[in-house]
Each structure stands twice: as C-alpha cells, then as structure tokens.
Colleague: 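Let me give you the structure first, and then I'll get to my questions.
Sequence positions, counted from 1, serve as the residue numbers for this chain. Only this structure's heavy atoms are used, side chains among them; waters, hydrogens and symmetry mates stay out.
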Amino acid sequence: MKQRIETAAIDCLMVRLFEAIDETNMPWMLAASQRLRAVFGAQLIDLVPSYTTVMVHFDLMQLSPQQARILIREALENLQPDNGSGGSLHEIPVWYDLSVGPELSLLAARCNTSVADIVRRHSEREYQVFALGFAPGFAFMGLVEEALAAPRLSTPRKRVAAGSVGIAERQTAAYPAVSPGGWNLIGRTPSTLFDRQRQGYSLLQPGDRVRFVAVDRGTFINLGGDDTPQEMSA
C-alpha cells in the first residue's frame, strides 16, 4: 500500500491509499478514517472515505495545508487494518419485478439466463458499503458478480423512483429519493435509506455490509413500498 497525499482544494487534501477498488481495502480505509478523525479533532470539518481514498476537509482558520499534511502523515504512521469492526449487517427487502426493475430482462439476456436466476445471483451475495455520495444516503456497494456487471445507461433517466435498486458496472445501490439516474434498475426496496431524524441520517455507512432479501409484491406493499411502475423512457 503506497500512501499519497494530493491537493483537492485549498482546504481539502485527498489521501490515496490504493490504486484499485477491492473489497479487502475497507479495513484499511476504516482504520485510516478513525486515525484521521482522532488526530485532527476539532480542526476537522469533514472526512469522506471512498473506495481507495479519504478526503480530509480541514479548518483553514486553524491549520495551514502544510500543517494538515503533517497531521495526515502522523495519523497514517504504522497504520494497521481495522479488523475489529466490520460495520453493521443490514438485510434490505427488495421486490424484484420487471415493472420496477425494467433492466432485469436486459441482464438476463446478457447472461443468457432467466430473470429468476438474476434475482437469485444478486440477492445471494453480501455487499460491502464502500462510500456515500451522488445523493444523501446513496451508498455505493460491491462487488456484484462479474457476470452481472453492466454499464450505465447511455441516456440516464430523468426520474428514478425512490428505493430503486440498480447495478452499474460491478457496483450496486439503492436510490434514497426520487432523482435522475443511469443505473440498470432491477427492483425496489421499501426501506428508508435517508432520514433526517436518524442519527447519522443515512441507514448505510461505509464499512457496513448489505444483503438484499427478495420479497413478493404483497410483502413489499405491507412494508410501505410504492409499486408504481418505473417509467421506461429516459
């Protein structure tokens, strides 16, 4: 692991720990985040971990960029992976259906298999939450089975329903709210992924693990899900 500090803005430094996305990165990313929070203390404005980097946003009124670099080096000295905390395990119900997951048939055709098999393969895997971004509570998870990987839609949809579960390349995610989006939609969850009344706001946090649990339409509706069909047009 080669650590590198890059300038992201006048008051932001990007700490690059890895060059490639890998599930084994996460213990190191969590350990680095904990160390950085402890070392910066009240001088830290925000810390944003991702697949391979941690962005450190510091208070320019308290620290110069050079001083921030010194603190980062101090925090990462003799860094060891965090094996004591794997995050929380969440079981998220999903109604996999063509009406709310229009790309199910596309993925099935690409894999030369059935829709039921796509559902089984997506839901039997445990996913790691790598990062939050794009929208509040939007958790980038992976890695999906390589055969299920699919590029983003060439033309993003203008409106993706809240709770929509999708795949983009080897990532999977669920949309916390109605928004534009170009992921391949395969189902919908009734789970509330972002709530301002919840501590931390987002249900999912980096380091957490997720299992998607297939449910039928009746269970989906009983759990508060909206079965309005997803608009097909982009």
Colleague: Is there a donor-acceptor pair under 3.5 Å between the side chain of N25 and the backbone N or O of A20?
Modeller: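 Yes.
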
Colleague: Show which side-chain atoms of residues 44-57 pair as donor or acceptor with protein atoms under 3.5 Å away, not counting sequence neighbours.
Modeller:
| unit_1 | atom_1 | unit_2 | atom_2 | d |
| --- | --- | --- | --- | --- |
| Y51 | OH | Q171 | OE1 | 2.0 |
| H57 | NE2 | D11 | OD2 | 2.9 |

Colleague: Over 60° means perpendicular and under 30° means parallel, so tell me whether F194 and Y201 are parallel, tilted or perpendicular.
Modeller: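 Ring orientation of F194 relative to Y201: tilted.
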
Colleague: What do you reckon, are the aromatic ring centroids of Y127 and H122 less than 6.0 Å apart?
Modeller: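 That pair passes the under 6.0 Å test.
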
Colleague: Kindly give the heavy-atom pair with the smallest separation between L60 and P65, and that separation in Å.
Modeller: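 Closest pair (atom of L60, atom of P65, distance): CD1-CD, 4.0 Å.
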
Colleague: Identify whether V215 and F212 are in the same connected component of the hydrophobic contact network (ILVMFWY, side-chain heavy atoms under 4.5 Å).
Modeller: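 Shared cluster, no.
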
Colleague: Check for me, please, whether M26 and L36 land in the same ILVMFWY cluster - side-chain distances under 4.5 Å, paths through other members count.
Modeller: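 Same cluster.
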
Colleague: Is it true that R217 and D97 have a side-chain N and a carboxylate O under 4.0 angstrom from each other?
Modeller: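 Salt bridge between R217 and D97, a charged N being under 4.0 Å from a carboxylate O: no.
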
Colleague: Taking the side chain as C-beta and beyond, is there a heavy-atom pair between P93 and L223 under 4.5 Å?
Modeller: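 Yes, at least one pair of side-chain atoms sits under 4.5 Å.
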
Colleague: Ignoring hydrogens and angles, tell me if any N or O in the side chain of Q43 forms a donor-acceptor pair with the backbone of F58 under 3.5 Å.
Modeller: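 Flag not set: sc Q43 to bb F58 has no pair under 3.5 Å.
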
Colleague: Side chains of E77 and R73, heavy atoms from C-beta outward: is any pair under 4.5 Å?
Modeller: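 Contact flag for E77/R73 side chains = no.
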
Colleague: State, with a plain yes or no, whether a side-chain heavy atom of P176 is found less than 4.5 Å away from one of P136.
Modeller: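 No; the side chains remain at least 4.5 Å from each other.
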
Colleague: In this structure, would M61 and I10 fall into the same cluster of hydrophobic residues linked by side-chain contacts under 4.5 Å?
Modeller: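 In one cluster with M61: I10, no.
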
Colleague: Can you list every pair that meets salt bridge (Lys or Arg N to Asp or Glu O under 4.0 Å) and has a residue in residues 103-122, with sequence neighbours left out?
Modeller: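 Non-adjacent pairs meeting salt bridge (Lys or Arg N to Asp or Glu O under 4.0 Å): E103-R157, D117-R120, D117-R121, R120-E124, R121-E145.
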
Colleague: Flag the pair I118 / T113 as yes when at least one side-chain heavy-atom distance between them is below 4.5 Å, and no otherwise.
Modeller: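 Sidechains of T113 and I118: in contact.
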
Colleague: Any link between L132 and F140 through a network of hydrophobic side chains (Ile, Leu, Val, Met, Phe, Trp, Tyr) touching at under 4.5 Å?
Modeller: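 Cluster IDs for L132 and F140 differ.
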
Colleague: Distance check, rounded to the nearest 0.5 Å: Y96 atom OH versus L104 atom CG?
Modeller: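 Reported to 0.5 Å precision, the distance equals 8.5 Å.
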
Colleague: With side chains defined as the heavy atoms from C-beta onward, is the minimum distance between V94 and I186 less than 4.5 Å?
Modeller: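 No. Closest side-chain heavy atoms not under 4.5 Å.
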
Colleague: Which heavy atom in Q128 sits nearest to a heavy atom in D208, and how many Å separate them?
Modeller: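 Closest approach of Q128 to D208: NE2-O, 3.4 Å.
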
Colleague: Please determine whether a side-chain nitrogen of the Lys or Arg among E23 and R209 lies less than 4.0 Å from a carboxylate oxygen of the Asp or Glu.
Modeller: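 Looking at E23 and R209, the cut-off is not met.
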
Colleague: Tell me whether R211 is salt-bridged to E126, with the criterion being a basic N under 4.0 Å from an acidic carboxylate O.
Modeller: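 Between E126 and R211 there is a salt bridge, with a charged N closer than 4.0 Å to a carboxylate O.
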
Colleague: Heavy-atom distance under 4.5 Å between the side chains of F40 and L63, does that happen here?
Modeller: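 The answer is yes, as the side chains (C-beta and beyond) meet within the 4.5 Å cut-off.
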
Colleague: Mind listing the closest non-hydrogen atom pair of A149 and R170 along with its distance?
Modeller: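 Where A149 meets R170 most closely, the heavy atoms are CB-CG, 3.7 Å.
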
Colleague: If you take all heavy atoms of P151 and N184, which pair is closest and at what distance?
Modeller: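 The pair with the smallest heavy-atom distance is O-ND2, 2.9 Å.
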
Colleague: So, N222 and T219: side-chain donor and acceptor under 3.5 Å apart, yes or no?
Modeller: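 Absent: no donor and acceptor within the cut-off.
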
Colleague: Any idea which heavy atoms bring L148 and L107 closest together, and the distance?
Modeller: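 Taking every non-hydrogen atom into account, O-CD2, 3.9 Å.
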
Colleague: Taking side chain as C-beta onward, heavy atoms only, is V165 less than 4.5 Å from T172?
Modeller: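 They are in side-chain contact.
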
Colleague: Please tell me if the side chains of M29 and F18 come closer than 4.5 Å, counting only heavy atoms from C-beta onward.
Modeller: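 Touching, per the 4.5 Å side-chain cut-off.
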
Colleague: Ring centroids only, cut at 6.0 angstrom: are F138 and W183 within range, meaning strictly under it?
Modeller: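 F138 vs W183: aromatic centres under 6.0 Å.
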
Colleague: Do other residues, nucleotides or ligands put more than 12 heavy atoms under 6.0 Å from the CZ atom of F134?
Modeller: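 Enclosed.
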
Colleague: Nearest 0.5 Å, what's the OG1-NZ distance between T155 and K158?
Modeller: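 So the OG1 of T155 and the NZ of K158 are separated by 10.0 Å.
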
Colleague: Are M141 and L185 connected in a single hydrophobic cluster, I mean Ile/Leu/Val/Met/Phe/Trp/Tyr linked by side-chain heavy atoms less than 4.5 Å apart?
Modeller: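 No; tracing contacts between hydrophobic side chains, which count when under 4.5 Å, never links both residues.
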
Colleague: Kindly give the heavy-atom pair with the smallest separation between P229 and R188, and that separation in Å.
Modeller: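 Result for this residue pair: C-NH2, 4.2 Å.
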
